[in-house]
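To start, the structure under review is shown below, and the notes come after it.
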Amino acid sequence: MRCPHCSSLDNKVVDSRMGKEGDTIRRRRECLKCEGRFTTYERVEEVLPSVIKKDGRREPYDRMKILTGLKKACEKRPISMEMLEKAVEEIEKSLQEKGFKEIPSTVIGEEVMERLHGLDEVAYVRFASVYRSFRDISEFMNELKDILHTKETKDPRKEHPAHKKPKKEEDDEQDKLNLPLDS
Ligand SMILES: [Zn+2]
């Protein structure tokens, strides 16, 4: 970002806020050389910092990855594409507001879990079972307990014991394979 007053490239951000539609971010910057102030408008995807993966490698932020993950978790659930896209926007907004220089992938995982929790509990448990497996199994059990405790559900998936987690993907595959035979 070049200062419009003196063309210097050194500046600091003095204020950041999301645009009304949530897809742009408006930044007030101050030039470090002449102290002149100017405003920039940036696309959210462009200004989101890179992601720190679990193995320490960095990769550029990728909206599609989050959307794909959400879609997978919400497979066969009554969630529209529009709802998923809105969820991604909210995640981006939240990440933006946290102001990381680099975003740990775990933070994105937590954000996704939070949105899924609000959208659909089955999708949430589905995602959580995979996500938590990389972390602490007891944490996942607690999440599951909370959900089962707070709300009653008629979905049979909920009755799967949590310790069978590694089989869950297989179960899903089985469901798909059995579908044609069912009809
Ligand atoms: Zn300047």
Worksheet item: Same cluster or not: are F100 and V112 linked, directly or through other Ile, Leu, Val, Met, Phe, Trp or Tyr residues, by side-chain heavy atoms under 4.5 angstrom apart?
Response: yes

Worksheet item: If you draw a 6.0 Å radius around CD in E35, do more than 12 non-hydrogen atoms from other residues or ligands fall strictly inside?
Response: no

Worksheet item: Atom NE2 in H117, atom CG in L119: separation rounded to 0.5 Å?
Response: 11.0 Å

Worksheet entry | F38 backbone acceptor or donor facing R29 side chain under 3.5 Å | no

Item to complete: Among I79, I66, L84, find the one that has a side chain to side chain contact (heavy atoms under 4.5 Å, CB included) with K71.
Response: L84

Practice prompt. Quick one: closest heavy-atom pair of G36 and H5, and the distance?
Written response: CA-CD2, 3.6 Å

Worksheet item: Can L48 be reached from V107 by stepping across I, L, V, M, F, W or Y side chains whose heavy atoms are under 4.5 Å apart?
Response: yes

Discussion item. Could you measure the distance from the OG atom of S94 to the CD atom of E114? Nearest 0.5 Å is fine.
Written reply: 6.5 Å

Worksheet entry | Which atom of P60 lies closest to which atom of S50, heavy atoms considered | CA-CB, 4.2 Å

Worksheet item: CG/L116 to CZ/R77 distance, rounded to the nearest 0.5 angstrom?
Response: 11.5 Å

Worksheet item: Can you check whether L70 reaches F127 side chain to side chain, under 4.5 Å on heavy atoms?
Response: no

Discussion item. Contact between K33 and D10 at the side-chain level, heavy atoms closer than 4.5 Å - yes or no?
Written reply: no

Response to the item:
Between Y61 and E92 the two heavy atoms that sit nearest each other are OH-OE2, 2.7 Å

Discussion item. Do the side chains of R57 and D55 get close enough for a salt bridge, i.e. N-O under 4.0 angstrom?
Written reply: yes

Discussion item. Within the supplied structure, the quantity of interest is the number of heavy atoms (other residues, nucleotides, ligands) at a distance under 6.0 Å from K98 NZ; does it exceed 12?
Written reply: yes

Worksheet item: Out of curiosity, does V88 fall in the hydrophobic cluster containing M64 (side-chain heavy atoms, cut-off under 4.5 Å, transitive links)?
Response: yes

Worksheet item: Is any side-chain N of the basic residue among K86 and E82 closer than 4.0 Å to the acidic one's carboxylate O?
Response: no

Worksheet item: How close do C6 and C3 get, heavy atom to heavy atom, and via which atoms?
Response: N-SG, 3.4 Å

Discussion item. Distance alone, cut at 3.5 Å: any donor-acceptor contact between the side chains of E42 and T40?
Written reply: yes

Discussion item. Quick one, S105 and K65 - any side-chain contact, counting heavy atoms below 4.5 Å?
Written reply: no

Discussion item. Under a 3.5 Å distance rule, please check whether R26 uses its side chain to pair with a backbone N or O of R17 as donor and acceptor.
Written reply: no

Item to complete: Supply the atom-to-atom distance N11 CG to M1 CE, rounded to the nearest 0.5 angstrom.
Response: 8.0 Å

Fill in: CG on L95 to CD on E97, rounded to 0.5 Å
9.5 Å

Worksheet item: What are the two closest heavy atoms between R126 and E75, and how far apart are they?
Response: NH1-O, 2.9 Å

Worksheet item: If you measure from CD1 on I52 to CD on E102, what distance do you get to the nearest 0.5 Å?
Response: 4.5 Å

